[in-house]
Amino acid sequence: MADKKQLVLIGGQQFGYRYDTDRFCEYLADEFDITYICFDEGKPKVENGLTHVVYLSIVNKFIRWFRFINSVIREARKNKNSVVYLSYFLGCSLICIFLPTHKVIMDHRSGSVTKKEFKNSVLNFIMRIESVFTKNVVALTTDLKEFLHLPKNTIVFPLGSDILSETNKSFESLDLLYVGVLKGREIHKTIFGVSEFRKKHPDISISYSIIGGGDQKLINEEIEKYNLMDVVQVLGFVPFNQITGYYENCNVGICYAPMSKYYMPQPFSKLYEYTLSGMAVISVRLLDSIRKINKDNGVLCDDTPESFAWALEQIYQNRKNYNSEHIRQEFADFTWKKLSEQFREIING
């Protein structure tokens, strides 16, 4: 077999904890020698036997940033034909400048979504400027590409998932699942809806599992306010190898975030995990969800407690419309295995 091509990946998280990049490392290992550069965040190290992982220690912010840039450049220069694929971070255009003869691909997975509008505007503007320094730009959606005003030749490369559950769900009871970060997502607003559903349908079984890192204070306050301690469990961070059981046992996935202009072009990564697990979905009306959610796979709502309560009622009333096999089939093009072929084309293109 001919020598493999060299691929340097910068995924933004410790190896083993960013699922899309980790899966591509497995799917592309037959064609590429892959080096993954990340910080050692103190989490248990994950090895797949296919990827060379370079861990950097975490020090103060400036030194950390400088060492990271330097490590990427050093690894790339080991092979003049290596390709660098980096998930955007502030200042990453320096890599493009210092590697003028290498193919560097800058991937925009997200715009800035803080609660400070001025900060979002500034950071999004910087993203736009930095994209000028490479010929190869990737964005998560057409909406994000347009919102950030990225170059016209920007390639759209969507989110996806593996099939985390092959169980065909029954929808006669409601077993809700939220997986994601808690900071800024206003998940506490969904608790009201669970309370309303339980009051209206006391004989219908309902449970709600909330998984993700971040401040749980407001969520716990709402749980106590509506006396839902036996219905809602807040689990905090759960390692990926322990999370699949929740996709197996739950039947309704929750995609929830404020409907601000900064969130609107962002797709929910978990939407694809939920649907490819055969689950129905409740999602706020972000642009990607509006295109993907229909009467056969879920319900759209606004970012208010009352609208979420309405959506829960709609899910239950429409329960006979949902078929796990049909939902999976509808999203079959978004499996990581299929998307890895597009990832390969982006690298080789």
Side-chain angles (χ1 to χ4, degrees), residues 17 19 23 159-182 185 187-188 190-191 193-198 200-214 216 219-220 222-223 226-256 268-283 289 292-293 296-299 301 308-309 311-332 334-336:
Y17 296 86
Y19 195 57
R23 298 302 285 145
L159 287 166
S161 174
D162 281 331
I163 296 174
L164 303 179
S165 169
E166 296 183 353
T167 299
N168 292 330
K169 319 296 185 186
S170 166
F171 296 92
E172 293 304 315
S173 63
L174 297 185
D175 296 294
L176 315 180
L177 176 65
Y178 173 83
V179 181
V181 297
L182 301 183
R185 295 300 180 92
I187 302 303
H188 64 281
T190 64
I191 306 301
V194 176
S195 175
E196 289 296 292
F197 184 88
R198 196 185 194 197
K200 190 172 183 177
H201 302 283
D203 298 328
I204 304 301
S205 174
I206 183 169
S207 68
Y208 189 8
S209 300
I210 299 174
I211 296 174
Q216 303 173 6
I219 300 173
N220 288 327
E222 292 294 287
I223 293 170
Y226 295 109
N227 193 28
L228 293 173
M229 287 76 75
D230 61 331
V231 174
V232 184
Q233 54 176 343
V234 185
L235 299 158
F237 172 76
V238 176
F240 186 80
N241 60 0
Q242 299 175 25
I243 210 171
T244 53
Y246 293 95
Y247 288 91
E248 188 78 13
N249 297 321
C250 294
N251 57 9
V252 180
I254 307 302
C255 295
Y256 201 89
F268 287 108
S269 61
K270 302 307 173 186
L271 186 150
Y272 301 92
E273 292 184 9
Y274 298 147
T275 52
L276 285 168
S277 295
M279 302 165 68
V281 174
I282 295 176
S283 175
S289 295
K292 300 292 194 321
I293 300 299
D296 295 321
N297 60 33
V299 175
C301 68
F308 186 81
L312 270 179
E313 181 66 24
Q314 295 304 303
I315 283 282
Y316 186 69
Q317 297 302 328
N318 297 341
R319 64 191 181 280
K320 297 190 185 301
N321 292 343
Y322 307 134
N323 180 291
S324 292
E325 290 184 1
H326 293 169
I327 294 172
R328 285 192 196 94
Q329 187 58 40
E330 190 174 354
F331 286 82
F334 296 96
T335 61
W336 286 136

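Bear in mind that the values here come from a model prediction, so they are computed numbers and not experimental data.
A donor atom on one side chain and an acceptor atom on the other are found under 3.5 Å apart for Glu313 and Gln317. With hydrogens and angles left out, the side-chain atoms of Ser283 and Ser289 include a donor and acceptor closer than 3.5 Å. Between Arg328 and Asn168, the side chains place a donor N or O and an acceptor N or O closer than 3.5 Å (distance only, hydrogens not considered).
Atoms OG1 and CG, from Thr167 and Asn249 in turn, are 8.0 Å apart once rounded to the nearest 0.5 Å. Atoms CG and OH, from Leu177 and Tyr246 in turn, are 9.0 Å apart once rounded to the nearest 0.5 Å. Residue Phe334 holds its CZ atom at 12.0 Å from OG of Ser161, rounded to the nearest 0.5 Å. If you take CD1 on Ile219 and CG on Leu182, they are separated by 4.5 Å, rounding to the nearest 0.5 Å. In this structure, CD in Gln242 is found 11.0 Å from CG in Leu235, a value given to the nearest 0.5 Å.
The two residues Val281 and Ile315 come nearest to each other via the heavy atoms O-CD1, 4.1 Å. Across all their heavy atoms, Tyr247 and Ser277 have their closest contact at CD2-OG, 3.6 Å. Shown here for Lys270 and Val179, the closest heavy-atom pair between the two residues is CG-O, 3.0 Å. Here the shortest heavy-atom pairing between Val252 and Met279 reads C-CE, 3.6 Å. Heavy-atom minimum distance, Val181 versus Tyr178: O-OH, 2.6 Å.
Glu172 CD: more than 12 foreign heavy atoms inside a 6.0 Å radius.
No side-chain donor-acceptor contact under 3.5 Å links Tyr226 to the backbone of Met229. When atom types are taken as modelled, the side chain of Asn318 and the backbone of Asn321 share no donor-acceptor pair closer than 3.5 angstrom. With Asn251 contributing its side chain and Ser170 its backbone, the two residues share a donor-acceptor pair below 3.5 Å. Under a 3.5 Å cut-off, the side chain of Asn297 and the backbone N or O of Ser324 do not form any donor-acceptor pair.
Here the side chains of Thr275 and Glu330 are not in contact, with every heavy-atom distance at 4.5 Å or above. When side chains are defined from C-beta on, Ile282 does not count as touching Ile293, because their heavy atoms never get closer than 4.5 Å. Two residues are said to be in side-chain contact when any heavy atoms from C-beta on lie closer than 4.5 Å; Val194 and Leu176 meet this criterion. Cys255 places a side-chain heavy atom less than 4.5 Å from the side chain of Tyr274.
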Which atom pairs, donor and acceptor, lie under 3.5 Å between side-chain atoms of residues 203-211 and protein residues at least two apart or in another chain?
{"unit_1": "Ser207", "atom_1": "OG", "unit_2": "Asp175", "atom_2": "OD1", "d": "2.7"}
{"unit_1": "Tyr208", "atom_1": "OH", "unit_2": "Thr190", "atom_2": "OG1", "d": "2.9"}
{"unit_1": "Ser209", "atom_1": "OG", "unit_2": "Gln233", "atom_2": "NE2", "d": "3.0"}

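Every pair tested for salt bridge (Lys or Arg N to Asp or Glu O under 4.0 Å) that includes a residue from residues 240-254 fails, sequence neighbours excluded, so the list is empty.
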Subject >> Audit row: Glu273, Phe268, side chain to side chain contact (heavy atoms under 4.5 Å, CB included) steps and yes/no >> reply: CA-CA 10 Å; Glu273 292 184 9; Phe268 287 108; over 6 Å; no
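Remark: of the listed residues Val232, Leu228, Val231, Leu228 is the sole one forming a side chain to side chain contact (heavy atoms under 4.5 Å, CB included) with Ser195.
Two rings, from Tyr316 and Phe197, have their centers less than 6.0 Å apart.
Relative ring orientation between Tyr322 and Phe171 is described as perpendicular, the plane-to-plane angle rising above 60° on a 0-90° scale split at 30° and 60°. Using cut-offs of 30° and 60° for the angle between ring planes, the Tyr272 and Phe331 rings count as perpendicular.
Among residues two or more places apart in sequence or in another chain, the salt bridge (charged side-chain N to carboxylate O under 4.0 Å, His left out) test is passed with Asp162 by Arg23.
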